[in-house]
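Inspection log for the structure reproduced underneath, given as structure tokens.
Side chains included, hydrogens not; waters and symmetry mates left out as well; all remaining heavy atoms used.
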Amino acid sequence: MHSTSLHSDIVKKIIPIVYEDDAICIVNKPYGLSVQGGAQVSTCLTDILKVQLGTDIFPVHRLDKETAGLLITAKTAAAARSCRELFDSQTVQKEYLAFCFRSSKSTGELSGTVVTPIKENGIEKPASTTYRIIAGGEDYCLFSAVPHTGRMHQIRIHLAGIGYPLIGDDKHGDFRLNKALWKSARIKKLQLCAFRLQLPIRGRPRRFTVPIPEHIRSALMALLEDTGIIQQLETY
């Protein structure tokens, strides 16, 4: 009975597909959906997509549950390995939109590269993120962030480290600022989206962009004085 109910929940959900061929499927992952199953995960993206496409699905890389945006999946293990090799060779480029607080510790720099190592399983690993402020006010800034390595929570850790904690990040961000923003504006969701993706497909470079997720769009409209930011991003 539980299995039937779970399958019913899955088939009611549809994952937006950005690109699909016989080897890969690039999707626009919604906020709040885990990529893979695990403890306390009743429904995940790979399960939904498997039912939706009628084929096995192999995730190629990670997006946190609370991060929306572009995600590459593969239809075979071999295709997944090929895609991971592209990531390893840094042939794939991902660009994120990150809406952040401007804290008292902020560096004030409009662009740069953070190379602070990040611990994984207790071991410090090299990590590099290039960032650029797209729009900003006195208290909030919208960043373009391009990770050159694939450490867990890399963008969240690196931007917080230079004084720009992500809005809605209760793990690496600023709990006090998040709590105050929830009280004043009812904004709580993590403001991070995998916005743009570039990779070679059948020997040709392809670039994909997704619309700004609604929770980020509404936060930008509420918190930034620059009312033209949405139109600017749509042609960015």
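- The aromatic rings of H215 and Y31 are tilted relative to each other, their planes meeting at an angle between 30° and 60°.
- Distance alone, capped at 3.5 Å, places no donor-acceptor pair between the N28 side chain and the L70 backbone.
- At a cut-off of 3.5 Å, with distance as the only test, no side-chain donor of R132 or S144 sits close to an acceptor on the other residue.
- Between the side chains of H158 and T116, no donor-acceptor pair of N or O atoms lies under 3.5 Å.
- Under the 30°/60° scheme for interplanar angles, the aromatic rings of Y140 and F99 are found to be tilted.
- Interatomic distance, CG of L199 versus NZ of K94, reported as 11.5 Å (0.5 Å rounding).
- From L45, atom CG reaches atom CG of L63 across 9.0 Å, with rounding to the nearest 0.5 Å.
- Going from atom CD of Q191 over to atom CG of L97 covers 10.5 Å, rounded to the nearest 0.5 Å.
- The structure places CD1 of I26 at 8.0 Å from SG of C83, a figure rounded to the nearest 0.5 Å.
- I48 and V35 fall within the same hydrophobic cluster, defined by Ile, Leu, Val, Met, Phe, Trp and Tyr side-chain heavy atoms under 4.5 Å apart, directly or through other members.
- To the nearest 0.5 Å, the span separating CG on L224 from CG on L142 amounts to 7.0 Å.
- Side-chain atoms of K179 do not come within 3.5 Å of backbone N or O of K183 as any donor-acceptor pair.
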Walk me through it: do K189 and D170 pass the test salt bridge (charged side-chain N to carboxylate O under 4.0 Å, His left out)? CA-CA 10 Å; K189 292 180 177 179; D170 283 333; over 6 Å; no
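- Residues I72 and V18 fall within the same hydrophobic cluster, defined by Ile, Leu, Val, Met, Phe, Trp and Tyr side chains chained together at heavy-atom separations under 4.5 Å.
- A distance-only check finds no donor-acceptor pair linking the side chain of S103 to the backbone of Y164 [under 3.5 Å].
- The only member of C141, S106, P165 that meets side-chain contact (heavy atoms from CB on, under 4.5 Å) when paired with F101 is P165.
- The only option from V114, L159, T149 that meets the side-chain contact (heavy atoms from CB on, under 4.5 Å) definition with Q154 turns out to be T149.
- A salt bridge between D56 and K75 is absent, with no side-chain N of the basic residue lying under 4.0 Å from a carboxylate O of the acidic one.
- Looking at every heavy atom in both residues, Q52 comes nearest to I15 through OE1-N, 2.8 Å.
- Across every non-hydrogen atom of I155 and L166, the tightest pair is O-CD1, 4.4 Å.
- Rounding to the nearest 0.5 Å places CG of L53 at 11.5 Å from NZ of K50.
- For D169 and R156, the salt-bridge test passes: some basic side-chain N is under 4.0 Å from an acidic carboxylate O.
- For the pair E138/R102, no side-chain contact is recorded, criterion being any heavy-atom separation below 4.5 Å from C-beta on.
- Smallest separation of non-hydrogen atoms from L192 and A98: CD1-CB, 3.8 Å.
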